[in-house]
Protein chains: 2
Amino acid sequence: MLMLQSPLTRKLSAYVALSAADLEPLARLHRRRRSFQPGHELIHEGQANASAFILSDGWACSYKLLPDGERQIVDFQIPGDFLGLRSILFRTSDHSIEAVTRIEATEVLAPDILEAFAEAPRLATAVLWAASRDEAMVVEHLVNLGRRSAEERMAHFLLELGARLALVGSGDRTGFDCPLTQYHLADALGLSAVHVNRVLRHLREEGLVTFRNGRVAFDDFDRLKAVAGFDSGYLDQDGPLLR
Amino acid sequence: MLMLQSPLTRKLSAYVALSAADLEPLARLHRRRRSFQPGHELIHEGQANASAFILSDGWACSYKLLPDGERQIVDFQIPGDFLGLRSILFRTSDHSIEAVTRIEATEVLAPDILEAFAEAPRLATAVLWAASRDEAMVVEHLVNLGRRSAEERMAHFLLELGARLALVGSGDRTGFDCPLTQYHLADALGLSAVHVNRVLRHLREEGLVTFRNGRVAFDDFDRLKAVAGFDSGYLDQDGPLLR
DNA sequence: GGTCGCGACTGATCGAGAGCAGTGCGAGGT
DNA sequence: ACCTCGCACTGCTCTCGATCAGTCGCGACC
């Protein structure tokens with residue numbers, strides 16, 4: 001069965017063993033393939049009954065805006081990720097999601113997802129279990145913002161992004177292709193764009209990592225990990241816990 | 001049925017309609033009532049197969065430690081909260097949890113929970129759905145750390161805590177009882193204890209909020225909300241989405 | 001070919017919050 | 001009665017990162 005090979009079902013089966021019957025409602029979902037330009041806002045904060053999307057190509061980011069216009073990027077999404085789950089779980093969305101690059105995604109309507117969840121509770125359990133893993137990443141990000149210096153934050157952030165991309169086969173310990181601007185980094189790391197630039201320069205001069213022309217190159221992976229205090233344990237996994 | 005009235009089942013039924021059959025495995029869980037002294041570490045980062053706890057009285061906090069010994073508190077737990085879910089979902093815990101006050105909690109063993117989840121997938125769905133709401137709080141906290149000044153952070157944090165406590169009936173717009181030390185606030189807000197003290201003094205002098213003798217008093221609730229840019233929308237709820 | 005706009009990059013200055021080094025005070029222990 | 005320990009609180013200095021005010025290079029568009 002083809003479905004079993006998709007990145008999404010592989011992700012879902014990581015923690016919860018899913019039978020064909022559990023996956024069947026997923027296959028029957030009304031889906032609509034769509035593509036969006038960079039900067040397009042797929043979901044905005046406060047929106048009611050927003051659709052969700054399964055990202056098949058390109059990068060997106062979820063963020064929140066503050067009254068004064070500043071924004072905090074909470075997370076980036078890469079191919080295989082599920083966008084906007086929380087906006088389905090809670091009638092209105094507590095965050096916005098926008099396309100970073102041009103993206104290809106499959107739109108799934110909120111009522112359809114809820115119906116599938118009602119029909120196959122094990123599927124719902126699997127989706128939410130996977131969401132908990134994303135929460136672990138958000139928690140890491142929070143620690144990053146609360147307790148690390150600008151340089152440690154940057155190092156940690158780039159390593160984590162690299163580790164996530166390595167899981168889906170687009171990155172290794174030499175580096176990865178990265179479409180983000182320095183403004184994206186600033187909004188994610190709670191820094192000014194100016195300071196992001198200086199930090200990147202310093203990391204480059206130290207021979208740790210080079211961010212240039214859409215590519216992050218780990219010049220000294222091990223020393224970078226030491227600077228960042230990086231430990232990727234929570235990205236490990238080894239077979240479903242719920243059978 | 002008594003179970004239906006407990007804070008936990010009320011929380012679980014907020015988003016997913018649960019039948020007696022869904023709740024039955026919960027009732028059959030092997031439980032053990034325990035109490036712990038302030039400062040006791042219930043779960044530590046990296047621990048494998050940790051138990052979970054349902055907090056019935058007192059406050060706890062979840063946190064992560066950095067190599068240099070600093071810590072970042074991710075979240076506080078109040079009566080009715082579930083402790084250590086992520087340590088059950090992923091064999092090993094990515095965070096520590098310790099008692100802030102003396103606490104009363106019911107211990108639930110990991111295999112028992114997984115068994116209950118396997119028997120009643122709708123129960124699992126409900127638990128994880130509730131966990132997603134906690135994630136929304138973590139995201140708010142992240143925005144707090146990334147983009148707000150020390151004063152805004154403090155104001156926002158105290159208001160949010162107040163709103164959560166008001167939901168369980170122990171707090172209103174005049175304030176709430178709060179067993180935290182200024183060190184707890186510092187570790188939660190990514191500030192030094194020294195600066196927490198100054199910020200609290202300033203907020204008091206401005207007539208906004210007074211933190212003293214285990215009590216947070218909102219002296220000017222509306223102005224405080226304005227300072228904090230506070231909006232508690234994501235704490236709202238109105239009937240299960242999954243029936 | 002000019003210009004418009006975005007993103008990378010830089011220098012100078014300023015300020016929020018850290019770090020250090022204390023004091024004061026109340027609760028518990030002996 | 002004294003000591004200790006934890007927490008609240010304060011003044012001083014210094015640093016990290018923000019803010020301001022730019023330049024430069026490049027691709028898109030007329």
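Residue numbers begin at 1 in each chain, while the letters A, B, ... track the order of the sequences.
Within 4.0 Å (heavy atoms only), A:Ser192 reaches at least one base atom of the nucleic acid. Contacts of A:Val199 with the nucleic acid, taken as non-hydrogen atoms under 4.0 Å apart, are absent.
For B:Arg201 and D:dG11, a side-chain-to-base donor-acceptor distance below 3.5 Å is absent, hydrogens and geometry of angles not being considered. A donor N or O paired with an acceptor N or O is not found under 3.5 Å between the base of D:dG17 and the side-chain atoms of A:Arg153.
By the 6.0 Å contact criterion, CG on A:Asp68 is enclosed, its count of non-hydrogen atoms from other residues, nucleotides or ligands being greater than 12.
In terms of heavy-atom proximity, A:Ile43 sits nearest to A:Gly84 at CD1-CA, 3.7 Å.
Along DNA chain C, the nucleotide nearest A:Arg147 and the nucleotide nearest A:Leu180 are compared for position; the residue whose nucleotide lies closer to the 5' end is A:Leu180.
For B:Leu191, the listed nucleotide lying nearest its side chain is C:dG17; candidates were C:dG17, D:dA18, C:dT10. Of all nucleotides listed (D:dA8, C:dA8, D:dG17), C:dA8 comes nearest to the side chain of A:Tyr183. Side chain of B:Val194, nearest nucleotide from C:dC20, D:dA18, C:dC9: C:dC20. When each of C:dG11, C:dG17, D:dT10 is scored by its nearest atom to the side-chain atoms of A:Arg198, the top-ranked nucleotide is C:dG11.
The residues B:Asp219 and B:Arg204 are annotated as not salt-bridged, no charged nitrogen and carboxylate oxygen being separated by less than 4.0 angstrom.
A close approach under 4.0 Å does occur between a side-chain nitrogen or oxygen of B:Arg212 and OP1 or OP2 of D:dC9.
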